[in-house]
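See structure below.
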Amino acid sequence: MRPIATTRMAAGIPTGRLAIWWVVASEIVIFGGLLVSYIMHRLAKPEWGDHAANTNVWIGGFNTFVLLTSSLSAVLAHKAAVNGDGPKAAKLLYATCFGACTFVVVKALEWNMEISHGFTISSNTFWSFYYTAAGLHGLHVIAGAIIMLIIAETAKKNLELHRVELIGIYWHFVDIVWIFLFPLLYIAK
Amino acid sequence: MSEHAEHAEHEVNYVKIWAILLVLLVISILGPFVGIKVVTLITAFGIAIVKAYLVAKNFMHLNIEPRYAVYLLVTMLVFMLLLFSGSAPDIMKQEGRNWVKPEIHVEAQAPAHH
């Protein structure tokens, strides 16, 4: 029996995919609110540029490269799932997970370096925003990686292949959030 | 039209899109080295918007989704911006027609030493 998320399409979009769009829509409010708050404070306090000068643009750039590449493997996994090739989709999801792990490890090393230089979440409002925004995003990366591992397990048996697309949409959104976090936290100094 | 056929019709060269995204990333990193603020803003935030558009269109396939999915996301974005623009003057201005933002002295909140 096929799950209702695949077969029912009362609104022109399969129910499972529509649910993911709603997740993304609610995430827009969460991350959008955080980013707009940051921008408002940043415009009002030019001295934040001096604090931002302490973030490492090359580390941020490398992590952007990792996320963009993991988005490529996620969309290729979706393509494989559309072609009915579950095992290939699973392999590409594992590759995406590898990207997620690389991102988190690099982020952890970066935070370790920053904290050892005395820049902690309570140093000032800029660093509070920095750790909150990057931390919330990091949690989304970890959650996405765990869900991807679960989906890859069923996909390699050629089961529930529609889920590959659903996690892909979520993952691309996580990528888009980072696309905006990167210039805000690393480039604008 | 089945979803299968729909995707086949809108075949995208994903590797090419990824390569474009990487080129844009390099430009956004190199932008500040020019040393002109306007160039930095364009290469940082202008390119971020282009990258987000490319990912949403080609990787999330928003271009072949029913239009109301796009409207749903844009509506959330607009209402979020509306909500925050309401609080913007309070954050970004130090004084208004009938008010002055009080100075917050962190030292004053520190516990007194006897």
Side-chain angles (χ1 to χ4, degrees), chain A residues 9 11-14 17-18 20-22 24-33 35-37 39-41 43-45 57-58 60-61 64-65 68-69 71-76 78-79 82-84 162 165 168-173 175-184 186-189, chain B residues 3-4 6-8 11-12 14-15 17-19 21-22 24-26 28-32 37 40-41 43-56 58-62 65-70 72-77 79-81 83-85 87-94:
Chain A
M9 198 158 68
I13 299 175
R17 201 161 78 214
L18 183 58
I20 290 294
W21 287 125
W22 274 112
V24 170
S26 60
E27 296 276 5
I28 285 176
V29 179
I30 295 169
F31 279 108
L35 295 187
V36 173
S37 299
I39 292 167
M40 286 193 295
H41 280 89
L43 291 174
K45 293 169 184 142
V57 70
W58 299 108
T64 311
F65 164 75
L68 289 175
T69 308
S71 254
L72 173 69
S73 57
V75 79
L76 290 176
H78 171 213
K79 190 180 175 185
V82 168
N83 293 330
H162 67 284
E165 179 182 22
I169 291 173
Y170 169 86
W171 193 253
H172 301 313
F173 177 75
D175 188 15
I176 288 176
V177 170
W178 185 258
I179 283 172
F180 286 105
L181 277 178
F182 174 60
L184 282 172
Y186 293 88
I187 294 182
K189 298 186 173 178
Chain B
E3 202 170 322
H4 215 89
E6 207 172 278
H7 280 290
E11 194 65 51
V12 179
Y14 296 119
V15 178
I17 300 293
W18 171 74
L21 288 168
L22 291 192
L24 291 174
L25 169 64
V26 171
S28 64
I29 291 173
L30 295 180
K37 200 174 182 183
T40 303
L41 285 174
T43 54
F45 299 104
I47 282 182
I49 292 168
V50 174
K51 280 198 288 187
Y53 171 77
L54 286 174
V55 171
N58 298 294
F59 288 178
M60 295 170 98
H61 301 113
L62 263 175
E65 201 70 316
R67 295 307 292 168
Y68 80 85
V70 180
L72 168 72
L73 302 179
V74 171
T75 305
M76 296 301 249
L77 192 63
F79 272 86
M80 183 274 296
L81 290 173
L83 176 71
F84 278 84
S85 64
S87 64
D90 207 24
I91 293 169
M92 299 178 69
K93 288 183 181 296
Q94 291 304 309

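Naming: A, B, ... by sequence-line order, numbering from 1 per chain. Just so it is clear, the structure is predicted and the values come from calculations on it, not from any experiment.
- Considering all non-hydrogen atoms of both residues, A:Ile179 and B:Ala48 come closest at CG2-O, 3.4 Å.
- Heavy atoms only, all atoms of each residue included: A:Ile28 and B:Met80 are closest at O-CE, 4.3 Å.
- Contacts of A:Trp171 with chain B are absent, with no heavy-atom separation under 4.5 Å from either backbone or side chain.
- Between chain A and the options B:Pro66, B:Pro32, B:Ala69, heavy-atom pairs under 4.5 Å are most frequent for B:Pro66.
- Heavy atoms closer than 4.5 Å to chain B are found nowhere in A:Ala74, neither backbone nor side chain.
- The candidate from A:Thr64, A:Val57, A:Leu76 with the greatest count of non-hydrogen atom pairs under 4.5 Å with chain B is A:Thr64.
- With sequence neighbours excluded, no residue satisfies ring-ring contact (aromatic ring centres under 6.0 Å, His included) with A:Phe65.
- Contact between A:Ile169 and B:Met60 at its shortest, heavy atoms only, is O-CE, 3.5 Å.
- The heavy-atom pair separating A:Ile187 from B:Ala44 by the smallest distance is CG2-CB, 3.8 Å.
- Looking at B:Phe79, there are no atoms closer than 4.5 Å to chain A (heavy atoms on both sides), in backbone or side chain.
- Taking every heavy atom of both residues into account, B:Leu72 and A:Ala25 meet most closely at CG-CB, 4.2 Å.
- To the nearest 0.5 Å, the span separating CE on A:Met40 from CG on B:Asp90 amounts to 9.5 Å.
- For B:Tyr14 (side chain) and A:Lys79 (main-chain N/O), no donor-acceptor pair under 3.5 Å exists by modelled atom type.
- Among all heavy-atom pairs drawn from A:Pro183 and B:Phe45, the shortest one is CB-CE2, 3.9 Å.
- Atom CG of A:Leu72 and atom CD1 of B:Ile17 lie 10.5 Å apart (nearest 0.5 Å).
- In this structure, the side chains of A:Tyr186 and B:Ile29 stay at 4.5 Å or more apart for every pair of heavy atoms.
- Options A:Gly61, A:Gly33, A:Gly12, A:Ala44 differ in how many heavy-atom pairs under 4.5 Å they form with chain B, and the most are formed by A:Gly33.
- Contact tally against chain A (heavy-atom pairs below 4.5 Å) for B:Leu22, B:Thr40, B:Val26: the top residue is B:Leu22.
- A:Ile39 contributes atom CD1, which lies 11.0 Å from atom CZ of B:Phe84 (distance to the nearest 0.5 angstrom).
- Between B:Val55 and A:Phe173 there is no side-chain heavy-atom pair separated by less than 4.5 Å.
- By the ring-ring contact (aromatic ring centres under 6.0 Å, His included) test, A:Phe31 pairs with A:His140, sequence neighbours left out.
- Note that the CH2 atom of B:Trp18 and the OG1 atom of A:Thr69 stand 5.0 Å from one another [nearest 0.5 Å].
- The greatest number of non-hydrogen atom pairs below 4.5 Å with chain A, out of B:Gln94, B:Lys93, B:Lys37, B:Met76, is found for B:Met76.
- Interface summary for chain A: among B:Thr43, B:Val74, B:Leu62, B:Leu41, the most heavy-atom pairs under 4.5 angstrom belong to B:Leu62.
- In this structure, chain B has a heavy atom under 4.5 Å from the side chain of A:Ile176, while its backbone stays farther away.
- For a residue to count as touching a neighbouring chain, one of its non-hydrogen atoms must lie under 4.5 Å from one of that chain's; by this rule B:Leu83 does not touch chain A.
- Here the straight-line distance linking atom CD of A:Glu27 with atom CG of B:Leu73 works out to 12.0 Å at 0.5 Å rounding.
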After noting the C-alpha distance and the side-chain angles of A:Leu18 and B:Tyr68, does the key distance pass the side chain to side chain contact (heavy atoms under 4.5 Å, CB included) rule? CA-CA 10 Å; A:Leu18 183 58; B:Tyr68 80 85; 3.7 Å; yes
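- Distance CD/A:Glu165 to NE2/B:His61: 7.5 Å, rounded to 0.5 Å.
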